[in-house]
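Just below is one structure, and these are the notes that go with it.
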Amino acid sequence: MRALAVPLYIGLKIHVETRSRTLIDTLFRVMSISADAANSVWHRFEQDGLVCPPKQRRDLFCTAALDNIDHNPSATTAKDSFHGTAISVVQHITTENHGTERGINVINEDIPRQKTVRELPGAYRNVPPAVLKDKGPVFPKSIGPVMPPTQDQDAITRNINWLENVKLLYGKDELDKEE
């Protein structure tokens with residue numbers, strides 16, 4: 001019922017201010033079409049078994065990046081704090097594979113008309129935090145001595161000399177131009 005409070009308030013406010021029945025009817029139709037379109041997208045999510053952008057193609061390799069979105073409540077102009085997650089999905093189209101169109105998502109006439117947009121299931125809205133099971137890093141076992149890829153003794157000697165020089169210079173407070 002709460003989802004209807006804002007549109008109802010706006011509708012009543014506009015009616016009181018303008019007394020325009022035409023404007024109220026137009027706004028109601030816009031809200032109804034908006035809800036129907038959103039519920040059609042929701043229905044597609046339900047059919048596909050996952051949430052993804054309606055324009056995303058099938059049969060393509062995808063990569064994704066996730067990052068925190070934090071609004072700094074200590075900023076001088078801040079009124080609220082906000083924390084969320086940004087998700088970017090990139091589809092890798094090649095000259096051989098352009099993917100398969102999923103079709104345009106139009107208002108689905110088979111689903112019942114509603115005045116509000118259905119909420120996504122809790123599993124789509126509430127993501128549990130990820131926790132690493134292991135506390136420390138895992139190092140692969142090395143087999144045999146660790147050696148540089150080259151057996152060039154001159155290159156090895158130059159590397160050792162360079163490292164020794166860096167070690168000497170690291171302890172100095174100031175460096176000369178030559179150093």
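Note that the structure is predicted; figures quoted are calculated from it, not measured. The basis for the numbers below is simple: all heavy atoms, side chains too, and nothing from hydrogens, waters or symmetry mates.
- Here the shortest heavy-atom pairing between I69 and A86 reads CD1-CB, 3.6 Å.
- Considering CG of N161 and OG1 of T157, their distance stands at 6.5 Å, rounded to 0.5 Å.
- Summarising the geometry, atom CD belonging to E101 is positioned 6.0 Å from atom NZ belonging to K55; distances are rounded to the nearest 0.5 Å.
- Minimum interatomic distance between V117 and A35 (heavy atoms only, all atoms of both residues): CG2-CA, 4.0 Å.
- C62 and V89 make their closest contact through CB-CG1, 4.3 Å (heavy atoms, listed as atom of the first residue, atom of the second, distance).
- Atom OG1 of residue T85 and atom CG of residue N68 lie 5.5 Å apart, to the nearest 0.5 angstrom.
- At least one side-chain heavy atom of V90 sits under 4.5 Å from a side-chain heavy atom of H92.
- Nearest heavy atoms, D59 versus N97: O-ND2, 2.9 Å.
- Taken from NE2 in H43 to CG in D48, the straight-line distance is 10.0 Å, to the nearest 0.5 Å.
- Connection of V166 to L163 is established within a shared hydrophobic cluster, with ILVMFWY side chains joined at heavy-atom distances below 4.5 Å, either directly or through further cluster members.
- Of all non-hydrogen atoms in R57 and H98, the two that sit nearest each other are NH1-O, 2.9 Å.
- Shown here is Q47, whose CD atom has more than 12 heavy atoms of other residues, nucleotides or ligands within 6.0 Å.
- Atoms NZ and CH2, on K167 and W162 in that order, are 13.5 Å from each other to the nearest 0.5 Å.
- Shown here for R118 and W42, the closest heavy-atom pair between the two residues is NH2-CH2, 2.6 Å.
- Here CD of E46 is found 10.5 Å from CG of N39. Values are rounded to the nearest 0.5 Å.
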